[in-house]
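Naming convention: chains lettered A, B, ... in sequence-line order (proteins, then strands); numbering from 1 in each chain. All heavy atoms count here, side chains included; hydrogens, waters and symmetry mates do not.
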There are 2 protein chains.
Amino acid sequence: MPNDKNTDTIRQNAGPARPIDPTDRRILAALTTRADLSYAELGQEVGLSAPAVHERVKRLKASGVIEATVARIDGAAIGKPLLAFIHVNTVGWGKTPELMALCDLPEVEEMHSVTGDACVLIKARLADSAALEGFLARLYDLPGVSSTQTYVALSSFTERVPQAGITESLSAPLPIRRR
Amino acid sequence: MPNDKNTDTIRQNAGPARPIDPTDRRILAALTTRADLSYAELGQEVGLSAPAVHERVKRLKASGVIEATVARIDGAAIGKPLLAFIHVNTVGWGKTPELMALCDLPEVEEMHSVTGDACVLIKARLADSAALEGFLARLYDLPGVSSTQTYVALSSFTERVPQAGITESLSAPLPIRRR
DNA sequence: ATTGAAATTTTGCATTG
DNA sequence: CAATGCAAAATTTCAAT
């Protein structure tokens, strides 16, 4: 899947003029696994010709459904074998500019504000325990940070980008269970 | 960045015969942001010719540093606006086949065993609170699952794939601070 | 949405520094 | 040993059915 810089229409992020149909979902499902397929191969997988899938992929990009195409690299191979989830608690409103600035660090892969007994959740990939210690020290230096709790990953069973399931949200109504 | 299915040498995951030099890191940094660059463009960014970067990218793929190229899609656009981190506690050894089977669900984006006051950490993307309730119910149905704790993301400040920082692990030795 | 064809791009190879 | 320039092959992408 190539450049598309010259062929795409100018508008980025326009509301999806057309809903995402099952064929789109199959395309997305394929692309979240292998985005380096040729349009011919992708077309084969979903039963469409190359120009047809190209047209759809272009639409999915223009409408913002496909945000980007990125390379997934091995954390250990680039010297960061340590994966940690860090819960941060703050006094008062936690969304300070200083905390937000952590997003610019290459170690920080994710940062969310969350409900529950923590204010902010950070996913960080680090070189070793010394780097983790340094990161935590930096965290505690920030104004308002009252406590942290760290969860270090021992093994990762799956780790991937958002998956476009073929099925639409089948939020099954919960059966009532008598105890 | 194209197919490479026919041109790559057969071996997958061989030990990196050569260390990752700064140029490799710059290539990786570019590719984790935009993997749909042409080799000509990528070469311009790192100051190399197209065949030269192609050679390096091929090596990085063959050695397993680049695991895959994937499309990042918008969770909300595919009907899953709800992001949740779920801590799972189990009685006894938590890594049961039943729990591992959850990796096959499209809702489950990540699953790690972790240190700390939880056994397993799951990152799931869901349609709505009903879907979350259903997911938790399913979790509690598994043998050995004793409790869960859920953190729902209110807003995400950053969310990306592992970043190849230009700098090598600069785990600065921590200064001793007197209180 | 498909077919066929043109324009870019990828990509192997020989050459050179 | 790695980068460069050229040429062949493949892919993207346009126009018309």
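- Listed by chain and residue number, nothing satisfies the side chain to side chain donor-acceptor pair (under 3.5 Å) test with A:Arg160 (two or more places apart in sequence, or in another chain).
- If one axis is set at each end of the helix from C:dA1-D:dT17 to C:dG17-D:dC1 from five pairs, those axes are 30° apart, to 10°.
- Spacing between atom OH of A:Tyr39 and atom P of C:dT8 amounts to 17 Å, rounded to whole angstrom units.
- In this entry the distance linking CG of A:Asp36 with C1' of C:dT9 reads 16 Å, nearest Å.
- In this structure, the CG atom of B:Leu37 is 14 Å from the C1' atom of C:dT10, given to the nearest Å.
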Atom pairs and distances, donor-acceptor, side-chain atoms in residues 147-156 of chain B, under 3.5 Å, two or more places apart:
| from | atom 1 | to | atom 2 | distance (Å) |
| --- | --- | --- | --- | --- |
| B:Thr148 | OG1 | B:Tyr140 | OH | 3.1 |
| B:Gln149 | NE2 | A:Asp117 | OD2 | 2.9 |
| B:Tyr151 | OH | A:Asp117 | OD1 | 2.8 |
| B:Ser155 | OG | A:Ser113 | OG | 3.2 |
| B:Ser156 | OG | A:His112 | ND1 | 2.6 |

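- For the pair B:Leu42 CG and C:dT10 C1', the interatomic distance rounds to 13 Å; values are reported in whole Å.
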For a quick test of your reading: what N or O donor-acceptor pairs under 3.5 Å do the side chains of residues 73-86 of chain B make, sequence neighbours left out?
| from | atom 1 | to | atom 2 | distance (Å) |
| --- | --- | --- | --- | --- |
| B:Asp74 | OD1 | B:Ala76 | N | 3.3 |
| B:Lys80 | NZ | A:Gln163 | O | 2.8 |

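- Applying the salt bridge (Lys or Arg N to Asp or Glu O under 4.0 Å) test to residues at least two apart or on different chains, the pairs with a partner in residues 100-110 of chain A are A:Glu109-A:Lys123, A:Glu109-A:Arg125, A:Glu110-A:Lys123, A:Glu110-B:Lys123.
- Residues forming a side chain to side chain donor-acceptor pair (under 3.5 Å) with A:Arg26 (at least two apart in sequence, or on another chain): none.
- Proximity of B:His54 to the phosphate of C:dT11: a side-chain N or O atom is located under 4.0 Å from OP1 or OP2.
- Applying the 4.0 Å criterion to OP1 and OP2 of D:dT13, one finds that A:Lys58 has every side-chain N and O outside that range.
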Residues 87-94 of chain A, side-chain donor-acceptor partners within the protein, below 3.5 Å, at least two apart:
none

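- Residue pairs meeting the salt bridge (Lys or Arg N to Asp or Glu O under 4.0 Å) criterion with at least one member in residues 135-152 of chain B, sequence neighbours excluded: A:Arg177-B:Asp141.
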Tabulated below should be each protein N or O lying under 3.5 Å from an N or O of nucleotides 1-3 of chain C; please produce it.
| from | atom 1 | to | atom 2 | distance (Å) |
| --- | --- | --- | --- | --- |
| C:dA1 | OP1 | A:Arg56 | NH2 | 3.2 |
| C:dT2 | OP2 | A:Ser49 | N | 2.9 |
| C:dT2 | OP2 | A:Ser49 | OG | 2.8 |

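- Of all heavy-atom pairs between A:Thr33 and B:Val70, the closest is O-CG1, 3.7 Å.
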